[in-house]
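Working notes for the structure below.
Predicted model, so just to flag it, every value in this text is computed and none were measured. Positions are given from 1 along the sequence.
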Amino acid sequence: MTAFWLEHAVVDGRVRDAVVVTHDDGVITAVDESPQPRPGDAVLRGLVLPGIANTHSHAFHRALRGRTHDGGGDFWTWREQMYRVAVHLDPDRYHALARALFAELLLAGYSAVGEFHYVHRDPTTAMADALVDAAREAGIRLTLLDTLYRHGGRETDGRPLGPAPEQRGFVLTTDTWLARHARVAATGTARRGAAVHSLRAVDPDDVARIVAATGDEPLHAHVSEQPGENAQVRAAFGASPVAVFGEAGALGPRFTAVHATHLDDADIAALAGSSVAICPTTERDLGDGIGPARRLADAGARIVIGSDQHAIVDPFDELRALEGHERLRSLSRGVFSPTELLAAATVDGYASIGWTGGIRPGAVCDLVAVDVRSPRTAGARLDQTWLAASAADVTDVVVGGRRVVEGGAHPLGDVGALLAQAIGEVDG
Ligand SMILES: [Zn+2]
């Protein structure tokens with residue numbers, strides 16, 4: 001048993017002072033108060049938040065940051081640029097890039113990540129293993145969302161397209177995916193989850209088989225990111241993507257719909273009880289549109305966040321964007337309360353990728369300490385600090401009871417240099 005003494009902490013959605021969190025082997029066993037740290041307590045100053053989950057990540061997209069802003073285009077032209085990076089990935093290069101990206105996520109305050117992994121290259125788990133190793137070495141909690149990707153896309157009439165040459169490394173048959181999935185590592189702070197890329201890339205039968213074969217693992221899918229996707233799916237199957245996922249038995253507590261940007265009223269109602277991963281900084285970067293996050297929450301969906309293509313890695317920016325996009329649309333403020341926004345990043349995000357979060361007994365002992373006296377956060381109320389802070393204000397991150405980030409530094413050292421090196425290796 002060891003303990004952390006927290007100067008201020010958000011417990012059950014409320015700010016409390018002088019909190020003691022006791023854990024046993026990385027799981028919280030008690031949450032108490034003590035006016036001062038006791039002998040042996042590890043001390044975390046500032047405001048300590050529960051662990052923050054980045055529920056939707058494609059680690060290799062980090063190599064595109066700051067390199068795609070000229071020449072106009074849209075989601076579909078950006079995707080061509082992304083494919084050109086993917087063809088340069090092998091297990092060693094992906095390990096180096098993911099390890100650096102995961103360190104960047106930790107420095108920004110993400111203690112857990114759902115890695116939506118489809119760059120398989122071959123039927124082995126070598127690429128997945130590289131990601132699991134990268135997460136362990138960087139110190140981040142990982143849910144490896146092992147992803148089925150069968151088709152290169154669809155014609156406008158819905159017929160599946162074969163993979164383009166640069167997509168071939170993504171594609172597995174459903175039988176191959178099912179045979180290898182159980183070999184994806186799941187130990188300690190790494191967990192296995194399932195995903196289907198989207199109904200552009202798989203058929204409803206594939207979804208149903210994966211639902212049946214993966215027990216209670218988290219199940220994620222891209223859903224209705226683009227109007228063109230909806231049109232293709234409707235042409236192929238006569239229904240919206242959400243309706244097709246529902247018919248295949250995918251919706252419910254283990255399911256996370258990623259993006260869910262272009263929905264109709266029936267889609268919104270059907271997602272009650274599922275999670276929806278809004279990725280606001282990516283959705284605005286790609287010109288996807290603004291998803292109906294408030295209406296989804298009102299219907300009973302759990303809203304969570306992801307940084308997806310990592311154009312920006314800053315959980316506080318995702319929360320401000322989630323709220324800010326709704327303000328721009330609704331011409332009103334406070335669409336989500338600060339407490340709701342923090343839950344999206346923390347407890348609900350953890351649930352979406354299969355972990356128990358929060359500062360409470362039974363949760364994993366993941367903590368994120370934020371400087372409350374920085375030029376950005378000074379003067380902010382403690383119960384709104386996460387709407388003032390940036391990634392640069394994260395001082396310490398604890399994962400599974402182990403302090404990984406300390407004083408704003410990661411044990412791997414110069415993470416910028418690691419990123420530059422790794423991106424240079426995959427520069428297409
Ligand atoms: Zn994605």
Side-chain angles (χ1 to χ4, degrees), residues 1-54 99 102-103 105-113 132-143 185-191 315 342-343 345-347 349-351 353-373 382 385-386 393-413 415:
M1 294 267 200
T2 49
F4 289 90
W5 183 86
L6 320 178
E7 185 180 17
H8 312 284
V10 180
V11 179
D12 293 331
R14 293 199 7 255
V15 175
R16 285 168 53 183
D17 301 327
V19 172
V20 177
V21 172
T22 307
H23 73 95
D24 186 12
D25 200 22
V27 175
I28 296 173
T29 53
V31 178
D32 305 300
E33 291 184 8
S34 168
Q36 298 296 328
R38 305 160 312 177
D41 286 350
V43 173
L44 293 174
R45 298 281 173 195
L47 177 67
V48 180
L49 308 175
I52 294 176
N54 188 343
R99 193 173 74 132
F102 292 154
L105 296 185
L106 282 158
L107 285 172
Y110 288 116
S111 47
V113 62
V132 172
D133 289 347
R136 187 184 61 251
E137 292 166 28
I140 200 165
R141 185 178 300 281
L142 170 73
T143 299
T187 55
T189 54
R191 175 160 293 184
L342 188 65
T346 59
V347 178
Y350 267 57
I353 56 172
W355 301 96
T356 302
I359 299 177
R360 52 183 171 160
V364 292
C365 186
D366 292 4
L367 306 166
V368 177
V370 177
D371 183 356
V372 296
R373 297 176 188 84
L382 289 176
T385 294
W386 49 94
D393 299 315
V394 172
T395 60
D396 297 76
V397 178
V398 172
V399 177
R402 187 170 74 91
R403 191 181 325 219
V404 181
V405 172
E406 184 160 8
H410 188 279
L412 290 175
V415 174

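- Residues meeting the salt bridge (Lys or Arg N to Asp or Glu O under 4.0 Å) test with Arg191, sequence neighbours left out: none.
- In terms of the salt bridge (Lys or Arg N to Asp or Glu O under 4.0 Å) criterion, residue partners of Arg16 (sequence neighbours excluded) are, by chain and number, Glu33.
- For His410, the side-chain hydrogen bond (donor to acceptor under 3.5 Å, both in side chains) criterion is met by no residue, not counting sequence neighbours.
- Scanning for side-chain hydrogen bond (donor to acceptor under 3.5 Å, both in side chains) contacts around Asp12 gives an empty result, with sequence neighbours left out.
- Nearest heavy-atom pair, Gly109 versus Pro315, reported as atom, atom and distance to 0.1 Å: C-CG, 4.5 Å.
- Between the side chain of Thr346 and the backbone N or O of Pro50 there is no donor-acceptor pair closer than 3.5 Å.
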Original post:
So Val27 and Asp24, side chain to side chain contact (heavy atoms under 4.5 Å, CB included) or not? Walk me through it.
Top reply: CA-CA 5 Å; Val27 175; Asp24 186 12; 5.9 Å; no

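- A donor-acceptor pair under 3.5 Å links the side-chain atoms of Trp5 to the main chain of Ser34, judged by distance alone.
- Residues Ala3 and Thr22 share a closest heavy-atom pair of CB-OG1, 4.0 Å.
- Taking the salt bridge (Lys or Arg N to Asp or Glu O under 4.0 Å) definition, one finds that Arg14 meets it with nothing, sequence neighbours left out.
- Every residue was checked against the side chain to side chain contact (heavy atoms under 4.5 Å, CB included) condition with Ala409, not counting sequence neighbours, and none meets it.
- Scored by the side-chain hydrogen bond (donor to acceptor under 3.5 Å, both in side chains) test, Thr2 finds His23 as partners (sequence neighbours excluded).
- Using a 4.5 Å heavy-atom threshold, the side chains of Val113 and Thr143 count as separate.
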Name each donor-acceptor pair under 3.5 Å that joins a side chain in residues 365-373 to protein atoms two or more places apart or in another chain, with its distance.
| unit_1 | atom_1 | unit_2 | atom_2 | d |
| --- | --- | --- | --- | --- |
| Asp366 | OD1 | Arg141 | NH2 | 2.8 |
| Asp366 | OD1 | Gly400 | N | 2.7 |
| Asp366 | OD2 | Arg141 | NE | 2.6 |
| Asp366 | OD2 | Arg141 | NH2 | 3.4 |
| Asp366 | OD2 | Tyr350 | OH | 2.6 |
| Asp371 | OD1 | Arg373 | N | 2.8 |
| Arg373 | NH2 | Glu7 | OE2 | 3.4 |

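- Atom CG of residue Leu105 and atom OH of residue Tyr110 lie 7.5 Å apart, to the nearest 0.5 angstrom.
- The shortest distance between side-chain heavy atoms of Val398 and Leu44 falls below 4.5 Å.
- Residues Val364 and Ile28 have side chains not in contact (no heavy-atom distance under 4.5 Å, counting atoms from C-beta outward).
- Under the side chain to side chain contact (heavy atoms under 4.5 Å, CB included) criterion, Ala42 pairs with Phe4, Arg403, sequence neighbours left out.
- Between the side chain of Thr356 and the backbone N or O of Gly362, no donor-acceptor pair lies under 3.5 Å.
- Listed by chain and number, the residues in a side chain to side chain contact (heavy atoms under 4.5 Å, CB included) with Ala9 are Leu6, Val11, Val19, Val48, Ile359 (sequence neighbours excluded).
- Within the 4.5 Å cutoff, the side chain of Pro361 has no heavy atoms near those of the Thr29 side chain.
- The minimum heavy-atom distance between Gly349 and Ala53, with the atom names listed, is C-CB, 3.5 Å.
- In this view, Glu137 and His95 satisfy the side-chain hydrogen bond (donor to acceptor under 3.5 Å, both in side chains) rule, not counting sequence neighbours.
- With sequence neighbours left out, Ala135 forms a side chain to side chain contact (heavy atoms under 4.5 Å, CB included) with Phe102, Ile140, Leu142.
- Residues Val394 and Ala108 share a closest heavy-atom pair of CG2-O, 3.4 Å.
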